[in-house]
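Just so you know, these numbers come straight off a predicted model, no measurement behind them. Residue numbers begin at 1 in each chain, while the letters A, B, ... track the order of the sequences.
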There are 2 protein chains.
Amino acid sequence: MADTGISSGSAVGSAALTNDVDADVSGASAIGTSPALGADSSAGVKSARRAVELLEAFGSNHDWLSLTDLHHYTGFPRSSLHGLLRTLRDVGWIESDDAGTRFRLGVKALICGTAYLDRDPVMPYATEALERLRDQIGYTCHFARLNGPDIVYLQTRESRTSAHLVSRVGRTLPAHATALGKALLSELADDELTAVLPKQLTALTELTITDREALRSELAFIRERGYSTERGQSSPNLACVAAVVPYRIPGTDAMSCSMPGERVTDAELLRVGSLLRDVAEDLSQQLRRAGIR
Amino acid sequence: MADTGISSGSAVGSAALTNDVDADVSGASAIGTSPALGADSSAGVKSARRAVELLEAFGSNHDWLSLTDLHHYTGFPRSSLHGLLRTLRDVGWIESDDAGTRFRLGVKALICGTAYLDRDPVMPYATEALERLRDQIGYTCHFARLNGPDIVYLQTRESRTSAHLVSRVGRTLPAHATALGKALLSELADDELTAVLPKQLTALTELTITDREALRSELAFIRERGYSTERGQSSPNLACVAAVVPYRIPGTDAMSCSMPGERVTDAELLRVGSLLRDVAEDLSQQLRRAGIR
DNA sequence: GGCCTTTGTTCACATATCTGAAGCAACAGG
DNA sequence: CCTGTTGCTTCAGATATGTGAACAAAGGCC
């Protein structure tokens with residue numbers, strides 16, 4: 001895994017809401033999860049872990065959720081959920097309907113979560129760089145960070161002309177399916193890559209790279225050239241170019257441009273690519289000079 | 001006991017941290033059940049409450065925080081903090097430095113918190129309306145929501161021309177000091193207003209309204225006219241106009257335009273105001289038709 | 001280096017949470 | 001109106017957490 005000197009727990013892959021637990025809850029309940037996997041989900045303060053796991057459940061489920069929904073999703077006993085939900089609601093991190101029986105994410109989560117952006121000394125510089133970039137090339141520009149097998153969008157400056165934004169601050173996409181992600185993955189050593197990539201490379205479109213070997217050689221090429229490109233791999237009719245901001249080793253952050261897929265020539269893609277690489281390099285120098293890493 | 005001079009080696013003693021032992025759980029929602037006893041700070045699942053309170057501490061403190069910093073800030077025993085911090089770190093909601101002794105907010109908080117935006121059925125409509133508005137009048141436009149005595153920015157479309165954004169998704173400002181907030185406060189009944197406003201109306205600039213009576217009469221005027229204006233009350237050299245999106249009663253959401261303060265005439269302010277009111281009304285009708293409330 | 005202060009970590013007991021099962025409340029179908 | 005179903009709430013015992021105090025480690029100051 002990318003060693004940035006920042007340690008944070010590895011994401012224990014939580015599945016979709018279809019995650020049904022109660023196949024056979026009778027009797028012995030869910031006995032200790034098989035110790036096959038090293039990362040035990042039983043360490044630490046139970047209620048604290050459960051509280052944030054609940055928040056994450058709300059984060060990936062945009063409807064009202066009932067106690068029973070959450071029971072199926074998390075596997076926590078209904079009675080335990082009862083207490084947790086009321087607690088989280090009382091502090092404003094989740095909201096309930098009038099009956100107090102359906103829940104969803106609250107504003108506090110937004111307010112607190114977005115503070116991540118203020119906390120990061122990179123952001124002011126990145127924002128400025130994005131604006132320079134957008135003004136130079138006119139396309140929508142993104143700044144994103146690698147988080148495990150995904151990229152997280154941190155900031156966007158939209159095209160002066162085009163319709164509307166594709167992404168949003170805080171949204172994640174599988175790294176292997178985006179120009180941003182491929183640029184960042186290309187920074188990893190072979191075994192780091194293996195460790196980070198999910199078992200199955202999910203396809204966002206028909207063109208998404210889902211073959212590990214194909215991905216590996218693509219990454220090697222990107223590493224050589226210094227920027228990555230992509231046409232319709234993350235979204236139909238969208239072309240993207242991205243370059244790592246090399247102020248850390250391995251790099252964790254990257255910048256990209258998105259443009260309407262059909263109307264963009266290969267030559268244009270390359271032009272933007274090398275420009276992007278230059279802007280990213282400038283930004284890196286600024287950051288290093290400012291002692292940020 | 002840190003009886004005097006809590007000089008704490010590093011410069012961590014930032015302003016926000018002055019909140020010494022025994023932090024009160026500042027009442028979040030206006031709907032709050034009558035706090036008969038100090039029960040609200042001791043009810044519910046202790047570790048869960050502490051976990052999110054910790055997250056909020058990180059949300060309002062953008063430096064690395066040590067265990068001792070957090071002890072002073074939250075009043076939780078050091079030994080309890082130890083476990084909580086490790087737990088939160090293991091699940092990725094906070095990050096620690098290499099030594100594992102300083103902490104700050106993690107990416108998970110951003111990812112999960114911003115999901116609030118996806119969860120809200122109003123957002124797609126609001127975004128579209130913002131874009132129409134921006135294209136019509138050219139200024140930077142915001143969509144925000146009232147949360148207790150504050151407004152929270154939910155979405156922004158920036159001016160095609162001006163320099164850079166003043167605000168950010170998820171940021172909060174005191175309602176009484178902004179056009180957005182004044183528009184929303186004008187929806188409240190007199191006693192609701194009293195209940196919501198903080199004891200002391202803090203001033204963001206010299207022009208911020210800090211007198212409750214002055215604010216009340218301003219709100220009455222706004223209620224009549226259907227939109228609010230403001231010059232330099234939230235930020236020097238910035239003028240703002242805002243109108244409530246009346247799809248709920250009382251309204252909770254509003255739209256605004258921000259423009260460079262010096263160059264904008266009063267007439268322009270009013271022109272934008274009535275235009276804004278119209279767009280907000282259109283949006284409301286859309287929302288009501290879509291069954292959103 | 002020696003001493004002192006500050007900060008992080010560990011431990012065993014007191015205490016609060018977690019939990020399964022039982023108790024209700026709401027609702028649909030006959 | 002009764003009855004079965006589903007889902008939320010409550011309760012007392014089993015269990016895991018919270019806590020103060022002791023311990024260890026890091027750093028500052030002569």
Side-chain angles (χ1 to χ4, degrees), chain A residues 7 20-22 24-33 40-54 63-90 94 96-104, chain B residues 1-13 17 20-22 33 38-39 41-54 63-91 94 96-104:
Chain A
S7 67
D20 224 319
V21 160
D22 64 353
D24 181 10
V25 183
S26 61
S29 72
I31 305 180
T33 51
D40 34 337
S41 55
S42 59
V45 180
K46 193 192 281 189
S47 319
R49 245 199 1 270
R50 284 182 167 182
V52 298
E53 191 169 334
L54 266 181
D63 293 325
W64 290 101
L65 295 180
S66 70
L67 190 148
T68 307
D69 293 333
L70 291 161
H71 168 63
H72 288 324
Y73 185 60
T74 61
F76 304 157
R78 283 195 269 271
S79 45
S80 310
L81 281 169
H82 187 68
L84 284 172
L85 288 171
R86 295 181 77 104
T87 303
L88 289 177
R89 187 194 52 182
D90 290 348
I94 62 178
S96 68
D97 63 2
D98 292 321
T101 176
R102 300 285 140 110
F103 302 85
R104 61 180 186 183
Chain B
M1 293 53 162
D3 38 31
T4 42
I6 313 170
S7 51
S8 88
S10 52
V12 235
L17 270 177
D20 221 315
V21 181
D22 233 32
T33 52
S41 66
S42 61
V45 180
K46 191 193 283 188
S47 320
R49 249 201 357 273
R50 285 182 166 180
V52 298
E53 192 170 332
L54 266 181
D63 292 326
W64 291 101
L65 295 180
S66 70
L67 189 147
T68 306
D69 294 332
L70 291 161
H71 168 63
H72 288 148
Y73 186 60
T74 61
F76 305 156
R78 287 205 291 262
S79 46
S80 309
L81 280 169
H82 188 68
L84 283 172
L85 288 171
R86 295 181 77 105
T87 303
L88 288 177
R89 188 195 52 182
D90 291 347
V91 295
I94 62 177
S96 69
D97 62 4
D98 289 322
T101 177
R102 300 284 139 111
F103 302 86
R104 61 181 186 183

Taking [atom1] from [X] and [atom2] from [N], how many angstroms apart are they, rounded to a whole number?
X	N	atom1	atom2	answer
A:Trp64	D:dG7	CH2	P	18 Å
A:His71	D:dT9	NE2	P	15 Å
A:Leu84	D:dT17	CG	P	13 Å
A:Asp69	D:dG7	CG	P	8 Å
A:Arg49	D:dT17	CZ	C1'	12 Å
A:Phe76	D:dC8	CZ	P	17 Å
A:His72	D:dG7	NE2	C1'	10 Å

Divergence of helical axes at both termini of the helix from C:dG1-D:dC30 to C:dG30-D:dC1 - five pairs an end, 10° steps: 40°
A:Asp69 versus A:Ser66, side-chain donor and acceptor atoms under 3.5 Å: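 The answer is yes; a qualifying pair exists.
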Is there any protein nitrogen or oxygen under 3.5 Å from a nitrogen or oxygen in nucleotides 9-14 of chain C, and what are the pairs?
{"from": "C:dT9", "atom 1": "OP2", "to": "B:His82", "atom 2": "ND1", "distance (Å)": "3.0"}

Please tell me if [X] has a side-chain N or O lying less than 4.0 Å from either OP1 or OP2 of [N].
X	N	value
B:Arg50	D:dT19	yes
A:Lys46	C:dT19	yes
A:Ser80	C:dT19	yes

